Amino acid sequence: MKYRVVFPHIANEINFLDLKKGDRVVKGEEFIGNPIWKNWVYCISEGTLREGWIPKQLLADLGEEYYLTEDYTSRELDCNKGDIIIPMNEMNGWAFCVNPEKKARGWVPLAKLEMMI
């Protein structure tokens with residue numbers, strides 16, 4: 001499966017989270033805006049003190065904190081209209097994609113993409 005970018009996307013974060021399975025993060029607030037994007041949790045990495053959004057499905061609850069159940073990055077993918085990208089994972093209204101032409105990867109909102117048949 002491939003997607004065509006129908007609306008450009010510019011990454012919102014400069015300092016993204018880059019975490020490994022088992023890393024711990026301090027719990028923050030859950031996203032309460034657009035219902036398509038529910039199940040995102042704002043967290044602070046205990047190791048780097050960087051902050052960012054993590055899909056709740058990748059977090060195991062330890063009370064005051066979570067630990068990651070798999071490797072995760074919050075890096076977003078800069079895309080131009082017309083780019084062709086390949087999804088690797090989809091969660092909570094976003095897709096983690098690879099742009100083979102630019103040799104880049106990151107998250108893109110599904111609302112900015114069109115599935116190619």
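All values reported here derive from a predicted model rather than from experimental measurement.
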Working note: Leu113 + Val6, criterion side-chain contact (heavy atoms from CB on, under 4.5 Å); need CA distance, chi angles, decisive distance, verdict. CA-CA 5 Å; Leu113 306 175; Val6 291; 5.8 Å; no

Intermediate values then yes/no, side-chain contact (heavy atoms from CB on, under 4.5 Å), Thr73 and Leu19: CA-CA 6 Å; Thr73 182; Leu19 303 167; over 6 Å; no

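For Ile84, the side-chain contact (heavy atoms from CB on, under 4.5 Å) partners at least two apart in sequence or on another chain are Lys2, Arg4, Met116. Contacts of Lys102 classified as side-chain contact (heavy atoms from CB on, under 4.5 Å), with partners at least two apart in sequence or in another chain: Asn80, Asp83, Asn99, Ala104. Residues forming a side-chain contact (heavy atoms from CB on, under 4.5 Å) with Thr48 (at least two apart in sequence, or on another chain): Ser45, Arg50. In this structure, the side-chain contact (heavy atoms from CB on, under 4.5 Å) partners of Glu30, at least two apart in sequence or on a different chain, are Val41, Lys56. Legend: residues meeting ring-ring contact (aromatic ring centres under 6.0 Å, His included) with Tyr67, ordered by chain and number and at least two apart, are absent.
The distance from atom CZ of Phe31 to atom NZ of Lys38, rounded to the nearest 0.5 Å, is 13.0 Å. With rounding to the nearest 0.5 angstrom, the CD atom of Glu70 is 12.5 Å from the CG atom of Asp23. His9 contributes atom NE2, which lies 9.5 Å from atom CD1 of Ile85 (distance to the nearest 0.5 angstrom). With rounding to the nearest 0.5 Å, the separation of CG in Leu62 from CZ in Arg24 is 5.0 Å. Summarising the geometry, atom CZ belonging to Arg75 is positioned 3.0 Å from atom CZ belonging to Phe16; distances are rounded to the nearest 0.5 Å. For the atom pair CG of Leu77 and CZ of Phe96, the computed distance is 8.5 Å after rounding to the nearest 0.5 Å.
Of the possible donor and acceptor atoms, none in the side chain of Ser74 sits under 3.5 Å from a partner among the backbone N and O of Gly52. The main-chain N or O of Lys20 is never found under 3.5 Å from a side-chain atom of Asp71 such that the two would form a donor-acceptor pair.
More than 12 heavy atoms of other residues, nucleotides or ligands sit less than 6.0 Å from atom CD1 of Ile10.
The two residues Cys43 and Ile54 have their closest heavy-atom pair at CB-CD1, 3.9 Å. The two residues Gly93 and Trp37 make their nearest non-hydrogen contact at O-NE1, 3.7 Å. Closest approach of Tyr72 and Trp53 over heavy atoms only: OH-O, 2.6 Å. The two residues Pro87 and Cys97 make their nearest non-hydrogen contact at CA-SG, 3.8 Å. Residues Val98 and Pro100 approach most closely at O-CD, 3.3 Å, considering heavy atoms.
Both cation-pi conditions hold for Lys27 and Tyr66: the charged atom is under 6.0 angstrom from the six-membered ring centre and inside a 45 degree cone around its axis.
Applying the side-chain hydrogen bond (donor to acceptor under 3.5 Å, both in side chains) test to pairs two or more places apart or on separate chains, those with a residue in residues 87-98 are Tyr3-Glu90, Gln57-Asn92.
Hydrophobic clustering of Ile, Leu, Val, Met, Phe, Trp and Tyr side chains at less than 4.5 Å, counting indirect connections, keeps Trp40 apart from Val108. Using a 4.5 Å cut-off between side-chain heavy atoms of Ile, Leu, Val, Met, Phe, Trp and Tyr, with links allowed through other members, Ile36 and Met91 fall into the same hydrophobic cluster. No single ILVMFWY cluster, assembled from side-chain heavy atoms under 4.5 Å apart, contains both Met1 and Trp107. Note: the hydrophobic cluster containing Leu110 also contains Met115 (ILVMFWY, side chain heavy atoms under 4.5 Å, direct or indirect links).
Residues Asn12 and Glu76 are in side-chain contact: their nearest non-hydrogen atoms beyond the backbone lie under 4.5 Å apart. In this structure, Cys79 and Phe7 have side chains that are not in contact, with every pair of non-hydrogen atoms separated by 4.5 Å or more.
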